[in-house]
Amino acid sequence: MKYNVRIYEDSQGMLMINVPDEIFLVIDLLLSDVQEDGSKLWLDLIDKVLSEQSSYEELTGNACTIEIKYDVTKIVNEYAEEDQKASCLIETTELKQILLMWDDAVKNKYTE
């Protein structure tokens, strides 16, 4: 994996994630939209693009929209303040890996 990603439980037992600043909106995507429900819906669309069944997919959750293309995915925070950066880019394969890591962390949290 290209990015240094750390998933952990905070003092209240909630799953949290640290990612590099360049992909900062992955945090909003996971904590606001994916949460602990799992990322199947998100992964299904990513896989559809990566397998070239589709050239583009888009999905909007509670806070973020992802615009999936084969090479890169744009994450947009729909509620960013005027002085905040509202989007970031991440390689689609890297986002898929992070989502899979998140799902593993959720599974491990509830099977212990």
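Here the structure is a predicted model, which means the values were calculated and not measured.
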The reported gap from CG in D44 to OG in S39 (rounded to nearest 0.5 angstrom) is 9.0 Å
side-chain contact (heavy atoms from CB on, under 4.5 Å) between V19 and Y3, worked out: CA-CA 7 Å; V19 299; Y3 300 103; over 6 Å; no
Query raised in the report: Salt bridge between D47 and K96, side-chain N to carboxylate O under 4.0 Å?
Result: yes
Next on the checklist: Could you walk me through whether K2 and T93 satisfy the side-chain contact (heavy atoms from CB on, under 4.5 Å) test, starting with their C-alpha distance in whole Å, then the side-chain angles of each, then the deciding distance to 0.1 Å, before giving a yes or no?
Outcome noted: CA-CA 10 Å; K2 175 181 174 180; T93 55; over 6 Å; no
On a heavy-atom basis, the closest approach of A105 and I7 is CB-CG2, 3.6 Å
Please list every donor-acceptor pair under 3.5 Å in which a side-chain atom of residues 11-18 meets a protein atom from a residue at least two apart or in another chain.
none

Whether W102 side chain and Q35 backbone form a donor-acceptor pair below 3.5 Å = yes
Assigning hydrophobic clusters by single linkage (Ile, Leu, Val, Met, Phe, Trp, Tyr; side-chain heavy-atom cutoff under 4.5 Å), is I66 placed with Y56?
no
Quick one: do L89 and V76 end up in the same hydrophobic cluster if we chain Ile, Leu, Val, Met, Phe, Trp and Tyr together by side-chain heavy atoms under 4.5 Å apart? no
In sequence, state the C-alpha distance, the side-chain angles, and the governing distance for V72 and E91, and then conclude on side-chain contact (heavy atoms from CB on, under 4.5 Å). CA-CA 4 Å; V72 69; E91 297 85 348; 5.6 Å; no
| task | Determine whether more than 12 heavy atoms belonging to other residues, nucleotides or ligands lie under 6.0 Å from atom OH of Y70. | result | no
Pairs of donor and acceptor atoms involving the side chains of residues 21-33, under 3.5 Å and at least two apart or interchain, shall be tabulated with distances.
{"from": "D28", "atom 1": "OD2", "to": "N77", "atom 2": "ND2", "distance (Å)": "2.8"}
{"from": "S32", "atom 1": "OG", "to": "D28", "atom 2": "O", "distance (Å)": "3.4"}
{"from": "D33", "atom 1": "OD1", "to": "N62", "atom 2": "N", "distance (Å)": "2.5"}
{"from": "D33", "atom 1": "OD1", "to": "A63", "atom 2": "N", "distance (Å)": "2.7"}
{"from": "D33", "atom 1": "OD2", "to": "C64", "atom 2": "N", "distance (Å)": "2.9"}

Salt bridge (charged side-chain N to carboxylate O under 4.0 Å, His left out) pairs touching residues 54-71, sequence neighbours excluded, are K48-E57
